[in-house]
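One structure is given here, and the rest of the page talks about it.
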Amino acid sequence: MNQDISQTLQQQILSALETGSQLQIQGGGSKHFLGHISKSTPLQVSAHQGIISYDPVELVVTARAGTRLSELENTLAEQNQMLPFEPPHFGPLATLGGTIACGLAGPSRSFSGSARDYVLGVKMINGKGEILNFGGQVMKNVAGYDCSRLMAGAMGTLGVLLEVSLKVLPKPAAEITLVQSKTPEQAIDAMNHWSGKSLPLSAGCYVNGQLYLRLNGAKTAVDGAHKVIGGELLNDSAEFWTSIKEHQHTFFQSTLPLWRLSVPAKTPVLTLSGENLIDWCGAQRWLFSDHDADHIRKDISELGGHATLFRRQSELMADTYQLPDTNIMQLHQRLKLAFDPAGIFNPGRLYPGL
Amino acid sequence: MHTELFTIATPPEPTLGKPALVEKLRQFLTSDAVLCDEELLRPYECDALSAYRHLPMIVVLPSTLDQIQQIMRLCYQHNVPVIARGAGTGLSGGATPAGDGVVMSLAKFISILEVDPIARTAVVQPGVRNLAISQAVAAHGLYYAPDPSSQIACTIGGNVAENSGGVHCLKYGLTVHNVRKVKLVTMDGELITLGSDSLDSSGYDLLALINGSEGMLGVVVEVTVKLTPIPERAQVVLAAFNDVEKAGGAVSDIIAAGIIPGGLEMMDKLAVQAAEDFVHVGYPTDAEAILLCEIDGTNEEVSEQIRIVHEVMHQSGATEVRTARDEEERQAFWKGRKAAFPAVGRLAPDYYCMDGTIPRKHLPYILRRMAELSIEYDLRVANVFHAGDGNLHPLILYDANHPGELARTEEFGGKILELCIEVGGSITGEHGVGIEKLQQMHLQFNYEELTQFHAVKHVFDPKGLLNPGKAVPTPKRCSEYKQLPSQNEDKHQHKACTSS
Ligand SMILES: Cc1cc2nc3c(=O)[nH]c(=O)nc-3n(C[C@H](O)[C@H](O)[C@H](O)COP(=O)(O)OP(=O)(O)OC[C@H]3O[C@@H](n4cnc5c(N)ncnc54)[C@H](O)[C@@H]3O)c2cc1C
């Protein structure tokens, strides 16, 4: 599909401005569970589709925000390339715009980086209805403030993404996953230890007493590292990591609230009770717990991290995202005003009142 | 049509004269930390873009965080512009003083506060030199990846401000990819922390925003950098070409082969000859261009990929392909590249270093146009190119003592940047806009985009006192822009004016 509806979107924004109404930006709806969705008029971006330019040797792809993430990844895969931050889809309808707005990254995060790390440029509409271009289609660009990376993780509260340019990379030639039985303490030590070595490590996760370490790279490199690290070869490496990334692994079957805890990688085993999975070589912990939200957030803050209430079965019991310190929150409010002075985009989706 | 976001503030008039300000500063700074005599101020009049000079009113050299905050509060209260300064190696005039402003040197903040080999991070003060970080952590088998050629001198504070790159960016990223946390003092003296010791933080990515903000949003007072394991092995291949276009083609062919080199650099004939004359590392001086391709990783991986690189280079038409025999020769190959600027600098009394980026496929066209312009302007140009990521550094040779030659050089430089934009690139890949490229910002960004930048500035610095007149020009409507004389309009203008 190839369709440019930017004029329509701009018109809708301008009329929302005129009538003083608010808009909730919708892509594929695959991450609607993140953040508070206000009762506002939907702004449907998913029809704004199509890969605009992709030249594999330039390592850059530019696509409209409504482009399906699956379509984008398939196109890259045909050229043996990929999005290095391995974004989770959480459903077949996931779009590029939503992927960047939510700023989520998959298993490779601690080695390859995050969504924002691969953003090279965006075309967007701000809250005044102006179509703006920031960044570009080149690897390096420091002209002006980095407004394009700022859009990653902003949950659409600063503007509507129209197009995103991303850096892409070749798929590694070989991939294997090694499995070792460990206690959680041993697993955390091992993940930090191997992360500090010159090895083609690309993901590390601990679940149900097993440590999984993924190696990616040249065949010789992967085999060499296998000898150094040791462990059993996992049968279907790709399937396992997809199940972790997409929350399809049996671990994720609980009905309790699911917390995403972003912590320093060397954080010891959590004292918070509840089933947990260690991801990102220690830096991301998934926790099922019905502890009080403030309690969890206080504990995790003390560790130097923050806690996101990722999924829940019941009605809202707490905000999705942890509030930052007061002075940082003030910057958020002023940035929001700078991009969206009338407050029309995704009110409250990220933080109450923002 | 709509209410403006804000009006771009004309920085308010200072409410303290120099003597009174010096007196107030000396209440909490020792007298040798407050410079106000001309001969002491002289070293601060420019950065590495020495064509632009301006004597500051005062230079302060604080040594504690508390002093930084006091200086900022005082200047904020009295509407005095502040310009942060690291090592002054910036190439776009970002640290050029304002005549009515205070230059705040971070030169005394040179401590590495903490190295955590397990977390693979180091906490450093802003004045710590880039290379000093890698040296301090080498014993742990780690290093700080971004390596600007100026790394023996430039500071991490300056690196964050410019989002500096180096020869290893394609694989290891820019400064923004290698910084975890920044402590920042805003213009009103407040201390804030951006980022965290985790891999992400809740809310807007303010850390990304601060990288490359050219000292306009806050003063960086502490940086937590990510450290990278030193690769088990690194090996470099030098390939010579009798045609620049073939060299450009080889770059694409290497990437098409699925290889992401640790470094992939190109130098043209003039640059190669200059470097060879300067450091004698055995570069083939008859080549039209050379490529340096470094592969790093595990031993096996490096052997495998070096073999592929060899093949690809030959297939792409290299006349000679050499793998460094040993670590010494590898260092020598790089030495020539890292010394390229000063080496080219020896060919003429002055040189002007440009910094545009382009989609790589347009390299042949750009080089051809540049050669034509070189004849047109009667100025020689040497080319050093971070080929892997499309970042050009044309070095224009000139003699400032010849009347009109600097102006011609700047015009030529401006034309090169216009070419970069024409092919979909950017006017700066890593050196920043500073005061140098304010004019070209109008080509890359329209009125609304520039206005949006000013709105961001306003968020952090509503009075417009921090590094005024840099990086983002006053937005002009298209019609107004066309009437502008070609160069320098904005360059010496340190006060933004009201838009509309
Ligand atoms: C020979 C040579 C080679 C170079 N090679 C490269 C290269 O390969 N890659 C590259 O990217 N750059 C390169 N540069 C440019 C330059 O070295 C970098 O831009 C460097 O990051 C500047 O650091 P500095 O400490 O010298 O900063 P300065 O020049 O002192 O300042 C640069 C800017 O940063 C601001 N600033 C400085 N410190 C702070 C702080 N603590 N808080 C807030 N703002 C601050 C200043 O206000 C100014 O706007 C090179 C320069 C030279 C002379």
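Since the model is a prediction, treat every value here as computed from it, not as a measurement. To find a chain, count down the sequence lines: A is the first, B the second, and so on, and within it residues start at 1.
Of the atoms belonging to A/Leu350, it is side-chain heavy atoms, and not backbone ones, that fall under 4.5 Å from chain B. Interface residue B/Ile358: only backbone heavy atoms are found under 4.5 Å from chain A. Contacts of B/Phe445 with chain A are made by side-chain atoms alone, with heavy-atom separations under 4.5 Å and no backbone atom involved. Residue A/Leu303: no heavy atom, backbone or side chain, is found under 4.5 Å from chain B. Looking at B/Ser303, neither its backbone nor its side chain comes within 4.5 Å of chain A, counting heavy atoms on both sides. The part of B/Ser196 that comes within reach of chain A is its side chain, from C-beta onward, which places non-hydrogen atoms under 4.5 angstrom from that chain. Proximity to chain A (any heavy atom under 4.5 Å) is shown, for B/Glu232, by both the backbone and the side chain. Neither the backbone nor the side chain of B/Asp253 comes within contact range of chain A; no heavy atom of the residue lies under 4.5 Å from a heavy atom of that chain. Contacts between A/Asp325 and chain B at a heavy-atom distance below 4.5 Å are absent for every atom of the residue. Interface residue B/Glu214: only side-chain heavy atoms are found under 4.5 Å from chain A. When heavy atoms are compared at a cutoff of 4.5 Å, B/Glu430 approaches chain A by way of both its backbone and its side chain. Both the backbone and the side chain of B/Arg360 come within contact range of chain A, judged by heavy atoms closer than 4.5 Å. Using a 4.5 Å cut-off between heavy atoms, B/Val472 touches chain A through its side chain atoms alone. In this structure, the portion of B/Leu142 lying under 4.5 Å from any heavy atom of chain A is its side chain and not its backbone. Heavy atoms closer than 4.5 Å to chain A are found in the side chain of B/Asn391, but not in its backbone. Using a 4.5 Å cut-off between heavy atoms, A/Ser110 touches chain B through backbone and side chain atoms alike. Only the backbone of B/His431 has a heavy atom closer than 4.5 Å to any heavy atom of chain A.
Between the side chain of A/Glu58 and the backbone N or O of B/Lys361 there is at least one donor-acceptor pair closer than 3.5 Å.
The side-chain heavy atoms of B/Leu174 and A/Val142, taken from C-beta on, include no pair separated by under 4.5 Å. Looking at heavy atoms from C-beta onward, A/Gln330 lies out of side-chain contact with B/Val459 at the 4.5 angstrom threshold. Between A/Pro170 and B/Ile259 there is no side-chain heavy-atom pair separated by less than 4.5 Å. At least one side-chain heavy atom of A/Arg116 sits under 4.5 Å from a side-chain heavy atom of B/Leu207. Looking at A/Cys147 and B/Val456, their side chains come closer than 4.5 Å, going by heavy atoms from C-beta outward.
When each of A/Asn80, A/Leu59, A/Val60 is checked for heavy-atom pairs under 4.5 Å with chain B, A/Leu59 comes out on top. The greatest number of non-hydrogen atom pairs below 4.5 Å with chain B, out of A/Pro56, A/Gly135, A/Ala342, A/Gly196, is found for A/Gly196. Counting heavy-atom pairs closer than 4.5 Å to chain B, the top residue among A/Gly224, A/Gly304, A/Ser195 is A/Ser195. Here A/His306 is the residue among A/Arg334, A/His306, A/Met139 with the most heavy-atom pairs under 4.5 Å with chain B. Ranked by heavy-atom pairs under 4.5 Å with chain B, the first of A/Asn133, A/Leu150, A/Thr308, A/Ile328 is A/Asn133. In terms of non-hydrogen atom pairs under 4.5 Å with chain A, the most contact-rich of B/Gly388, B/Pro359, B/Gly173, B/Ala471 is B/Pro359. Comparing A/Thr157, A/Leu169, A/Leu199 by how many heavy-atom pairs each has under 4.5 Å with chain B, the most go to A/Thr157. No other option in B/Gly141, B/Ser201, B/Cys169 has as many heavy-atom pairs under 4.5 Å with chain A as B/Ser201. When each of B/Leu191, B/Asn299, B/Ile192 is checked for heavy-atom pairs under 4.5 Å with chain A, B/Ile192 comes out on top.
Once rounded to the nearest 0.5 Å, the distance linking OG of B/Ser202 with CZ of A/Arg297 reads 7.5 Å. B/Glu301 contributes atom CD, which lies 8.0 Å from atom OG of A/Ser198 (distance to the nearest 0.5 angstrom). The CG atom of B/Leu170 sits 9.5 Å away from the NZ atom of A/Lys140 when rounded to the nearest 0.5 Å. Here the CG atom belonging to A/Asn327 is positioned 8.0 Å from the OG1 atom belonging to B/Thr186, to the nearest 0.5 angstrom. Here the NZ atom belonging to A/Lys167 is positioned 7.0 Å from the NE2 atom belonging to B/His177, to the nearest 0.5 angstrom. The distance from the CD1 atom of B/Ile427 to the CG atom of A/Asn141 is 8.5 Å, given to the nearest 0.5 Å.
Taking every heavy atom of both residues into account, B/Gly425 and A/Val138 meet most closely at CA-CG1, 4.0 Å. Nearest heavy atoms, A/Gly305 versus B/Ser198: CA-OG, 3.3 Å. Pairing each heavy atom of B/Ser252 with each of A/Val57, the nearest pair is O-CG1, 3.7 Å. Among all heavy-atom pairs drawn from B/Leu199 and A/Ala283, the shortest one is CD1-CB, 3.6 Å. Residue B/Thr298 comes nearest to A/Ala221 through the heavy atom pair OG1-CB, 3.4 Å, listed as atom of the first residue, atom of the second, then distance.
Enclosure of atom CD1 in A/Ile52 by more than 12 non-hydrogen atoms of other residues, nucleotides or ligands within 6.0 angstrom is indicated. Surrounding NZ of A/Lys219 are at most 12 heavy atoms belonging to other residues, nucleotides or ligands under 6.0 Å away.
Side-chain contact annotation: A/Arg149 with B/Asn211, donor-acceptor N/O pair under 3.5 Å absent. B/Glu304 and A/Thr220 share a side-chain donor-acceptor pair at under 3.5 Å.
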Trace of the side chain to side chain contact (heavy atoms under 4.5 Å, CB included) decision for A/Ser114 with B/Asp200: CA-CA 9 Å; A/Ser114 60; B/Asp200 50 38; over 6 Å; no
* **Full working for side chain to side chain contact (heavy atoms under 4.5 Å, CB included) between A/Leu331 and B/Tyr204** => CA-CA 9 Å; A/Leu331 285 176; B/Tyr204 297 151; over 6 Å; no
Item to check | Evaluation steps, side chain to side chain contact (heavy atoms under 4.5 Å, CB included), between A/Asn126 and B/Glu448 | outcome: CA-CA 10 Å; A/Asn126 69 4; B/Glu448 286 78 16; over 6 Å; no
| said: Would A/Tyr145 and B/Gln452 count as a side chain to side chain contact (heavy atoms under 4.5 Å, CB included) here? Give the steps. | reply: CA-CA 10 Å; A/Tyr145 303 119; B/Gln452 187 67 69; over 6 Å; no
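Between A/Lys266 and B/Asp197 there is no salt bridge, since no side-chain N of the basic residue sits under 4.0 Å from a carboxylate O of the acidic one.
Evaluation of the salt bridge (charged side-chain N to carboxylate O under 4.0 Å, His left out) rule for B/Glu190 yields no partner, not counting sequence neighbours. In this view, A/Tyr351 and A/His332 satisfy the ring pair (Phe, Tyr, Trp, His ring centres under 6.0 Å) rule, not counting sequence neighbours.
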